[in-house]
Amino acid sequence: MNRKDFQQLANLRIREAKVLLDTNLYEGSYYLAGYSVECALKACIARQIRAHDFPDRKLVKDVFTHNLQTLIKLAGLEPALRATEQSNSGFGDNWQVVKDWSEEARYETNVEEQVAKDLYLAITHRRNGVLTWLKKYW
């Protein structure tokens, strides 16, 4: 997979999350919304790897994670994240909602409507959304 593939997946997964949210399928919506952030972060990481360069072995090994906070670090976005959190409380609040998402959500069978809606909005908010912010860096 390459950067463009991850960008497309991020956009596709968030659209799918919206469809599921609108049809009251909150578990799937929650999982796919968070997964869209994971894909966006992996697009940010892929941006760092130049054509014909052999990537660092540790980076290659470490990038196979679903942990959003680890992916933020691997993407080199931790300083930008902290700065944005400090200068934009709306974004900071949204990151607090998103950061705890886990791929383990795929096994959840009772995600509450408000939890799914909160995650979706925290990711997609036009000005303060996490996905909106990540698109600046991918």
Side-chain angles (χ1 to χ4, degrees):
M1 295 192 69
N2 62 35
R3 180 176 161 223
K4 185 175 180 177
D5 294 333
F6 281 116
Q7 291 170 336
Q8 289 175 340
L9 275 174
N11 288 323
L12 177 61
R13 295 299 174 249
I14 200 63
R15 286 194 316 268
E16 291 169 339
K18 177 65 169 142
V19 170
L20 292 172
L21 188 62
D22 290 345
T23 55
N24 304 324
L25 297 169
Y26 306 120
E27 294 80 6
S29 176
Y30 183 87
Y31 173 67
L32 289 177
Y35 191 55
S36 73
V37 174
E38 178 183 331
C39 291
L41 282 164
K42 289 182 177 180
C44 294
I45 293 167
R47 183 179 185 184
Q48 298 174 12
I49 300 169
R50 294 194 166 97
H52 311 293
D53 281 357
F54 200 77
D56 177 73
R57 182 179 182 160
K58 182 170 175 15
L59 174 65
V60 171
K61 182 179 175 268
D62 290 348
V63 80
F64 284 95
T65 184
H66 303 284
N67 184 291
L68 301 183
Q69 294 185 69
T70 299
L71 291 170
I72 282 282
K73 291 176 187 174
L74 293 172
L77 294 176
E78 202 167 31
L81 176 72
R82 298 295 163 239
T84 306
E85 282 182 304
Q86 290 178 357
S87 66
N88 181 339
S89 63
F91 174 83
D93 292 344
N94 286 338
W95 175 248
Q96 291 304 308
V97 171
V98 173
K99 73 176 179 59
D100 292 328
W101 174 87
S102 164
E103 83 282 1
E104 295 298 316
R106 65 184 171 219
Y107 302 116
E108 292 292 324
T109 58
N110 60 356
V111 174
E112 294 179 15
E113 176 181 4
Q114 195 59 52
V115 171
K117 285 181 176 181
D118 289 348
L119 181 66
Y120 181 81
L121 183 59
I123 292 169
T124 62
H125 189 273
R126 188 176 289 170
R127 285 190 17 214
N128 301 321
V130 172
L131 187 57
T132 305
W133 179 78
L134 285 170
K135 287 181 178 184
K136 297 176 191 176
Y137 299 98
W138 74 6

Original post:
Is the count of non-hydrogen atoms from other residues, nucleotides or ligands lying under 6.0 Å from Gln96 atom CD greater than 12?
Top reply: yes
Original post:
In terms of hydrophobic clustering (I, L, V, M, F, W, Y; side-chain heavy atoms under 4.5 Å; direct or indirect links), are Val37 and Val111 co-clustered?
Top reply: yes
Please report, to 0.1 Å, the donor-acceptor pairs under 3.5 Å made by any side chain of residues 65-82, with sequence neighbours excluded.
from	atom 1	to	atom 2	distance (Å)
Thr65	OG1	Asn67	N	3.2
His66	ND1	Glu38	OE1	3.0
His66	ND1	Glu38	OE2	2.9
Asn67	OD1	Gln69	N	3.0
Asn67	OD1	Thr70	N	2.8
Asn67	OD1	Thr70	OG1	3.2
Arg82	NH1	Glu85	OE1	2.6

Original post:
Taking all non-hydrogen atoms of both residues, which atom of Ala40 and which atom of Ala10 are closest, and how far apart?
Top reply: N-CB, 3.8 Å
**OP:** For the residue pair Arg47 and Trp138, establish whether any side-chain heavy-atom pair is separated by less than 4.5 Å.
**Re:** no
Subject >> From Gln7 atom CD to Lys42 atom NZ, the distance as rounded to the nearest 0.5 Å >> reply: 15.0 Å
Original post:
Of all residues at least two apart in sequence or in a different chain, which pass the side chain to side chain donor-acceptor pair (under 3.5 Å) check with Asn24?
Top reply: Tyr26
Subject >> By side chain to side chain contact (heavy atoms under 4.5 Å, CB included) - contacts of Ala122 (at least two apart) >> reply: Asn94, Val97, Val98
Subject >> Phe6 side chain reached by Met1 side chain, heavy atoms, under 4.5 Å >> reply: yes
Subject >> From Tyr30 atom OH to Trp101 atom CH2, the distance as rounded to the nearest 0.5 Å >> reply: 8.5 Å
Original post:
Looking only at heavy atoms, what is the nearest atom pair of Leu20 and Gly28, with distance?
Top reply: CD1-C, 3.5 Å
Subject >> pair Tyr107-Tyr31: side-chain heavy atoms closer than 4.5 Å >> reply: no
Original post:
Should Val63 and Leu9 be counted in the same cluster of Ile, Leu, Val, Met, Phe, Trp and Tyr side chains packed under 4.5 Å apart?
Top reply: no
**OP:** Please name the pair of heavy atoms, one in Ile123 and one in Gly34, separated by the smallest distance, quoted to 0.1 Å.
**Re:** CD1-N, 4.0 Å
Subject >> Heavy-atom closest contact (Ala33 atom, Ala17 atom, distance) >> reply: N-CB, 3.6 Å
Without placing hydrogens or testing angles, list every side-chain donor-acceptor pair under 3.5 Å for residues 128-135, not counting sequence neighbours.
from	atom 1	to	atom 2	distance (Å)
Asn128	OD1	Asn88	ND2	2.8
Thr132	OG1	His125	O	2.9
Trp133	NE1	Thr84	OG1	3.1
Lys135	NZ	Asn11	OD1	2.9

**OP:** Measure across Ile14 and Ser36 and return the closest heavy-atom pair with its distance rounded to 0.1 Å.
**Re:** CD1-OG, 3.6 Å
**OP:** Enumerate the residue pairs fulfilling salt bridge (charged side-chain N to carboxylate O under 4.0 Å, His left out) with a member in residues 1-15, sequence neighbours excluded, ordered by first and then second residue.
**Re:** Arg13-Glu16
**OP:** Not counting sequence neighbours, which residues clear side chain to side chain contact (heavy atoms under 4.5 Å, CB included) with Gln114? List them please.
**Re:** Lys117, Asp118
